[in-house]
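Accompanying notes for the structure given below.
The chains referred to below are lettered A, B, ... by the order of the sequence lines, with proteins before strands, and numbering in each begins at 1. None of the values given here were measured: they were computed from a predicted structure.
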Amino acid sequence: MSEDPIEVFLQPIQLDYDYTAGVSASRFLRAIEQGKLLGQRCPVDGRVYFPSRGSCPQHAVPFADDGAVELPDRGTIVTYSIVRVPSENIPLELPYITVQVLLDGADTVLMHVLDGDLDTVRMGLRVEAVWKPKEEWTTSLANILYFRPLDEPDADYDSYKEHI
Amino acid sequence: MRDVAVVGFAQSDSMRRETDRNEVEILIPVMQELRKKTGLTNDQVDFVCSGSSDYLAGQSFAFIAGLDAVGAWPPICESHLEMDGAWALYEAWVKIQMGYADLALVYGFGKPSMGDLPLTMALQLDPYTTMPLWPDAISIAAIQARLCQEGGTLSAEEMAERAVRDRGNAKSNPYAQVKGDFSVDGILADPYIANPLRKHDCSPISDGASVMIIASAEKAREFQDRPAFIRGFEHICEPMDFGVRDLTSSKSTEIAAEKAGVRADKIDVAELSAPFTHQEILVERALGLDESTNINPSGGALAGNPIMAVGLTRIGEAAARIWDGSADRAVAHATSGPCLQQNLVCLMEGN
């Protein structure tokens, strides 16, 4: 038996969960399985939250069941970052661009990746979603592979300045 | 010391398994109910404090989503504890004592049904020597119960009496999970689940949430004609190593009760959140309670144990009996850690 003092030991920890997404997130996930992007309208000020959550985080009121809003799969880049460091859970070739997309009609932004030119990516760039083949759709935002630029003039700064 | 009182409270049902809603969606209607009952608006709130556990949620920083139920714009002053809401209340109380706030909103919430609670609880043990053995929470409590029984501290009959009393009391509590008429003989005929603990010696696993308002005396009467003034509020923690503790008594409860002044006068109502029958007996003794006190009129933790909210709920249940005039002096207890490691005592009076 070794006389060396024990300085390090490994203690693997695993806990298993039967995770519940929740009523509101489930509604969102069921919709995206059908290729629909579902937001939720605040009954107080009418802002549209995407993805939908259980309640309005500003007014602390539950979203009404009839407050679901279907959004288009196109929008505006409100901010972006060029990633040059690998990350375990993002299997993309470096460098790539992460973007925050404000879908048309939404008031909160969606974080995703852009298949675009590193030199010309910019705030205000108009983009659209590129989806996986329909037969691969699941209850996941990963149904959208990435966003790509639209051949449209940039959005006016005033149209998204509240959402940066 | 400033006079500070519990003035508002709401709770969810204690539920064995909430299948559809996530833990924030359990919290939202409780918060709504509190606002409706009390007329509370966010501009009245100086401080928000919550208790929940990411280990129960299975997600890091899960507690932040709880703020969706509060409304955090314009910006609020807010804090979170990885502890029962009773400790969040303590932090809010200190904040008011220090003059940084006059009114605070406090909540606790948890959804343990998503994971394996007895195993999750192993993560609160000593990470080098005890936790790697993954002892489940019920087996750990059973070791304590065994020490108590073999040393003559208490008997299986006395433990069963607590289950009969609490589940009987819980019949009048619409939020309770395990309630009904049981008998000592019936319970003692049940098989062991971790010798000497039977199923009835254990609190249920409960999903749930509770929400509370405390306020300085000046604001308290806006909410209650008879506020539940906090006259003593203490929490004491014992060492982590089981070997250095006396597991057959609850020394930390005793010291907390002494410092809070519990024994100075008669206690009309006590609400205890001991999750096992033998622990309830130890807590009763540490608080110095006898037959003159109405113990666990709500059923206590043995009738519903929404972990991370259960302690706060005991304080809310005790306060409600001061508001309605059925008690003048009430004590509530909350616990944390294995085998009653850390205990909190809150003494409230109507005058």
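- Residues B:Asp136 and B:Ser139 bring a donor and an acceptor atom of their side chains to less than 3.5 Å of each other.
- Interface remark: B:Ala65 contributes no atoms to any contact with chain A (heavy atom separation under 4.5 Å).
- Identified by a heavy-atom distance below 4.5 Å to chain A, the contributing residues of residues 122-130 of chain B are B:Leu123, B:Pro127, B:Tyr128, in residue-number order.
- Identified under the ring pair (Phe, Tyr, Trp, His ring centres under 6.0 Å) test for residues 14-35 of chain A, with sequence neighbours left out: A:Phe28-A:Phe50.
- No side-chain heavy atom of A:Tyr160 sits less than 4.5 Å from a side-chain heavy atom of A:Gln100.
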### Query
How far apart are the C-alpha atoms of B:Ile193 and B:Cys202, what are their side-chain angles, what is the distance that settles it, and do they pass the side chain to side chain contact (heavy atoms under 4.5 Å, CB included) test?
CA-CA 10 Å; B:Ile193 59 169; B:Cys202 310; 3.7 Å; yes
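- The one candidate from A:Val48, A:Val109, A:Leu37 that meets the side chain to side chain contact (heavy atoms under 4.5 Å, CB included) condition with A:Leu103 is A:Leu37.
- For B:Trp93 and B:Tyr90, the distance between ring centers is under 6.0 angstrom.
- Residue B:Val70 touches chain A through its backbone alone, counting heavy-atom pairs closer than 4.5 Å.
- The closest donor-acceptor contact from the side chain of B:Asn22 to the backbone of A:Thr20 lies at 3.5 Å or more, if one exists at all.
- The shortest side-chain heavy-atom distance between B:Thr335 and B:Val310 does not fall under the 4.5 Å cut-off.
- Neither the backbone nor the side chain of A:Ser26 comes within less than 4.5 Å of any heavy atom in chain B.
- At a 4.5 Å heavy-atom cutoff, the contact between B:Asp116 and chain A is made by backbone atoms alone.
- Among the candidates B:Glu25, B:Arg21, B:Lys111, B:Glu18, the residue making the largest number of heavy-atom pairs closer than 4.5 Å to chain A is B:Glu25.
- Judged as a side chain to side chain contact (heavy atoms under 4.5 Å, CB included), and not counting sequence neighbours, the contacts of B:Ser210 are B:Phe9, B:Gln11, B:Ala309, B:Leu312, B:Thr313.
- With hydrogens and angles left out, the side-chain atoms of B:Asp84 and B:Ser336 include no donor and acceptor closer than 3.5 Å.
- Neither the backbone nor the side chain of B:Ser113 has a heavy atom closer than 4.5 Å to any heavy atom of chain A.
- A:Gln11 touches chain B through its side chain: at least one heavy atom from C-beta onward sits under 4.5 Å away, while N, CA, C and O do not.
- Among the residues in residues 138-147 of chain A, none has a non-hydrogen atom closer than 4.5 angstrom to a non-hydrogen atom of chain B.
- Checking B:Glu23 against B:Ser52 by side-chain atom types alone, no donor-acceptor pair falls below 3.5 Å.
- When all heavy atoms are compared, the tightest approach of A:His59 to A:Cys42 is ND1-SG, 3.5 Å.
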### Message
Set out, in order, the CA-CA distance, both residues' side-chain angles and the distance that settles side chain to side chain contact (heavy atoms under 4.5 Å, CB included) for B:Ile140 and B:Cys339, then state yes or no.
### Response
CA-CA 7 Å; B:Ile140 293 261; B:Cys339 298; 3.6 Å; yes
